[in-house]
Enquirer: 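Starting off with a structure, shown below.
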Amino acid sequence: MTSKTQVPPRWRNDVERILITDDQLARRIKTLSRAIERDFRGREMVVVSLLNGTIMFLADMIRHLSLPLRLDFMGVSSYGAGTESGELVFTKELRIDVRGRDVLLVDDILDTGRTLSRVIPKLRALKPRRIKVCVLLDKPSRRVERVKADYIGFTIPDFFVVGYGLDFAERYRNLPFVGVLHSHIYKQDIGRVMSFRKRR
Ligand code: IMP
Ligand code: MG
């Protein structure tokens, strides 16, 4: 998947190129939502969305779902500011009771699978009727855990991407497109962490 659209000048130092444009995102999310709507056949669902990366994807997707739904969030955070997922910490628990319910679990990106392989059993313990997994992006080449998504927006190669909710060290979530982060950004960040350590 390549896009000829240019990175806006403001982001050129940070983003190497646009991988998925806002138009491509909008079109794909519309078709994805239709498929979800068909599969749930009007049954009420509980959408469980993982914070913080899903904000834009979720907002755009659920407005296409014309079926009764309830929405809740689980806060999941992996320690460390790097591009590797570290130790997983739950920062917000679910409040809606999902017992006997149809759950749509939403995440931004399925990478190594470590996050979902911890979240799914935690959710399953709450005894929902079924859990369907929906991710905007899938990087299958990076998988270390056996996790599969039922709905996938885009399958992408092993690039570190930012924008449309996805971050690097909590930045870039506001970009309206999905772009490939310049490697000098994370190398520079590792440099900062190292010099910080040395000072202590
Ligand atoms: P996993 O646990 O390795 O599957 O990764 C899941 C989480 O890692 C995602 O929810 C993201 O927060 C983060 N992540 C993985 N790959 C990327 C990426 O390319 N850009 C931004 N965040 C990523
Ligand atoms: Mg993240």
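As the structure is a prediction and not an experimental result, all values here were calculated from the model. Remember, it's 1-based here, ligands and their atoms both numbered in the order they're listed.
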Enquirer: Heavy-atom pairs closer than 4.0 Å: do any link ligand 1 to the side chain of Asp108, the backbone, both, or neither?
Expert: side chain

Enquirer: Going by the closest heavy atom to atom 5 (O) of ligand 1, which one wins out of Asp111, Asp138, Asp167, Val135?
Expert: Asp111

Enquirer: Does the structure place the NZ or CZ of Arg17 under 6.0 Å from the centre of the six-membered ring of Phe159, at an angle of no more than 45° from the ring's axis?
Expert: yes

Enquirer: How does Asp107 reach ligand 1, if at all, at less than 4.0 Å between non-hydrogen atoms: by side chain, backbone, both, or neither?
Expert: side chain

Enquirer: Kindly confirm or rule out an N or O of Leu110 lying under 3.5 angstrom from an N or O of ligand 1.
Expert: no

Enquirer: Salt bridge check, Asp72 against Lys92: does any charged N sit closer than 4.0 Å to a carboxylate O?
Expert: yes

Enquirer: Which option out of Leu181, Thr112, Leu50, Val76 puts a heavy atom nearest to atom 3 (O) of ligand 1?
Expert: Thr112

Enquirer: Run the numbers for me: atoms of ligand 1, each under 4.0 Å from some heavy atom of Leu166, listed by number.
Expert: 20 (N), 21 (C), 22 (N)

Enquirer: With a 4.0 Å cut-off on heavy atoms, does Val147 reach ligand 1?
Expert: no

Enquirer: One thing to verify: whether Arg114 and Glu87 come together as a salt bridge, which I'm taking to mean a side-chain N less than 4.0 angstrom from a carboxylate O.
Expert: no

Enquirer: Do Arg173's NZ or CZ and the ring of Phe168 fall within the cation-pi criteria of under 6.0 Å and 45°?
Expert: no

Enquirer: Throw together a table of side-chain donor-acceptor distances under 3.5 angstrom for residues 55-64, partners on residues two or more places apart or in other chains.
Expert:
residue, atom, partner, partner atom, Å
Asp60, OD1, Arg63, NH2, 3.3
Asp60, OD2, Tyr164, OH, 2.5
Arg63, NE, Ala59, O, 3.0

Enquirer: Under 4.0 Å from a heavy atom of Phe159: which atoms of ligand 1 are those, numbered in the order shown and with their elements?
Expert: 19 (O)

Enquirer: Going by the side chain to side chain contact (heavy atoms under 4.5 Å, CB included) test, name the single residue among Leu50, Val98, Val47 that passes it with Leu105.
Expert: Leu50

Enquirer: Nearest non-hydrogen atom to atom 20 (N) of ligand 1 belongs to which of Val161, Leu19, Val178?
Expert: Val161

